[in-house]
Amino acid sequence: MAEKISVLISEEAVAERIHEMAVQISRDYEGRQIHMICVLKGGVFFMTELSKHVEVPCSLDFMAVSSYGDSTVSSGIVKIQKDLDESIEGKDVLVVEDIVDSGRTLSWLLKALQQRKPNSLKLCTLLDKPDRRRFDITVDYTGFEVPDVFVVGYGLDYQQRYRNLPYIGAVEI
């Protein structure tokens with residue numbers, strides 16, 4: 001392991017912010033059920049914690065899309081690696097993502113999901129890198145804005161490593 005990891009956002013700060021986001025989401029969806037779609041693999045840690053604190057009924061599904069592979073730079077080609085298990089037609093859908101970067105993958109994904117006729121479609125991300133945005137994406141719930149550094153931990157990886165770190169770290173390669 002030649003990479004050095006420095007703590008960017010502490011474990012405690014991540015936990016506190018996820019709880020705050022869940023409170024807001026619960027208010028916004030009061031009286032409705034949320035169908036949360038986790039974008040795998042990175043989003044699973046975040047969605048698991050978030051859903052534990054959401055106080056309205058919710059169901060969960062998972063989707064895997066990728067434009068990165070084993071690189072730190074997007075290839076520009078989006079691929080569905082795992083599709084949803086059930087229809088989202090007529091449901092209030094909340095897409096849960098680990099990080100919004102250029103927006104390429106999410107722009108494509110949100111358009112594809114909108115074609116499946118959900119009642120509503122919103123986006124929730126743990127991390128946002130607005131300085132790298134190249135596609136018009138509306139993020140409805142953001143945990144933290146982060147600088148343009150490569151981040152790992154709390155589900156985010158570098159070559160499939162470091163997902164299990166309990167904090168958000170910056171990689172020095």
Connected via hydrophobic side-chain network under 4.5 Å: Leu165 and Leu8: no
Nearest atoms (heavy-atom pairs only) where Thr125 meets Asp128: CG2-CB, 4.4 Å
Chi angles and distances behind the side chain to side chain contact (heavy atoms under 4.5 Å, CB included) call for Ile88, His35: CA-CA 8 Å; Ile88 60 170; His35 187 70; 3.8 Å; yes
Beyond-backbone contact of Leu109 with Met63, side-chain heavy atoms, under 4.5 angstrom: yes
Candidate pair Tyr162 and Glu3, rule side-chain hydrogen bond (donor to acceptor under 3.5 Å, both in side chains), full reasoning: CA-CA 10 Å; Tyr162 309 116; Glu3 304 84 30; 2.6 Å; yes
Short side-chain to backbone donor-acceptor contact, Ser10 and Ala13, under 3.5 Å: yes
Heavy-atom neighbours of Asp136 CG exceed 12 at 6.0 Å: no
Side chain proximity check, Arg163 to Leu156, heavy atoms < 4.5 angstrom: no
Heavy-atom donor-acceptor pair, Asp61 side chain to Ile37 backbone, under 3.5 Å: no
Face-on cation placement of Lys41 at Phe62 ring, 6.0 Å and 45° thresholds: no
Ring geometry between Tyr29 and Tyr141 (parallel below 30°, tilted from 30 to 60°, perpendicular above 60°): tilted
same_hphob_cluster(Val139, Val39) at 4.5 Å side-chain heavy-atom cutoff: yes
Nearest-0.5 Å distance that lies between atom CZ in Arg32 and atom OG in Ser26: 11.5 Å
Met47 reachable from Leu106 in the ILVMFWY side-chain graph, under 4.5 Å edges: no
Glu145 with Lys129: basic N within carboxylate O range, under 4.0 Å: no
Any donor-acceptor N/O pair, Asp140 side chain to Leu123 backbone, under 3.5 Å: yes
Pairing of Asp101 and Arg133 as salt bridge, 4.0 angstrom limit: no
Shortest non-hydrogen contact from Val149 toward Ala170: CG2-CB, 4.1 Å
Spatial distance of atom NZ (Lys52) from atom CD (Glu49) [nearest 0.5 Å]: 3.5 Å
Closest non-hydrogen atom pair between Ser59 and Gln33, with its separation: OG-NE2, 3.5 Å
Cluster link Leu126 to Val23, ILVMFWY, side chain under 4.5 Å: no
Interatomic spacing from CG in Asp131 to OG in Ser102 - rounded to 0.5 Å: 13.0 Å
The single option from Ile137, Val78, Leu110 passing side chain to side chain contact (heavy atoms under 4.5 Å, CB included) against Thr105: Val78
Check against side chain to side chain contact (heavy atoms under 4.5 Å, CB included), Ile25 and Cys124: CA-CA 9 Å; Ile25 290 166; Cys124 177; 4.1 Å; yes
Side chain to side chain contact (heavy atoms under 4.5 Å, CB included) evaluation trace for Leu60 with Ser51: CA-CA 9 Å; Leu60 310 177; Ser51 65; 4.2 Å; yes
Thr142 side chain to Phe144 backbone, donor-acceptor under 3.5 Å: no
Same apolar cluster: Val96 and Ile9, side chain cutoff 4.5 Å: yes
Verdict with supporting geometry, Tyr154 and Tyr167, side chain to side chain contact (heavy atoms under 4.5 Å, CB included): CA-CA 6 Å; Tyr154 219 87; Tyr167 57 85; over 6 Å; no
Heavy-atom side-chain proximity of Pro118 to Leu113 below 4.5 angstrom: no
Residue pair Asp157 / Phe150: nearest heavy atoms and the distance that separates them: O-CE2, 3.4 Å
Flag if over 12 foreign heavy atoms under 6.0 Å of CD, Gln24: yes
pair Ile168-Leu127: side-chain heavy atoms closer than 4.5 Å: yes
Qualifying salt bridge (Lys or Arg N to Asp or Glu O under 4.0 Å) pairs with a residue from residues 17-31, counting only residues at least two apart or across chains: Arg17-Glu20
All pairs passing side chain to side chain donor-acceptor pair (under 3.5 Å) where residues 107-118 contributes a residue, at least two apart: Asp83-Arg116
Closest heavy-atom pair and its distance - Gly90, Asn119: O-CB, 3.4 Å
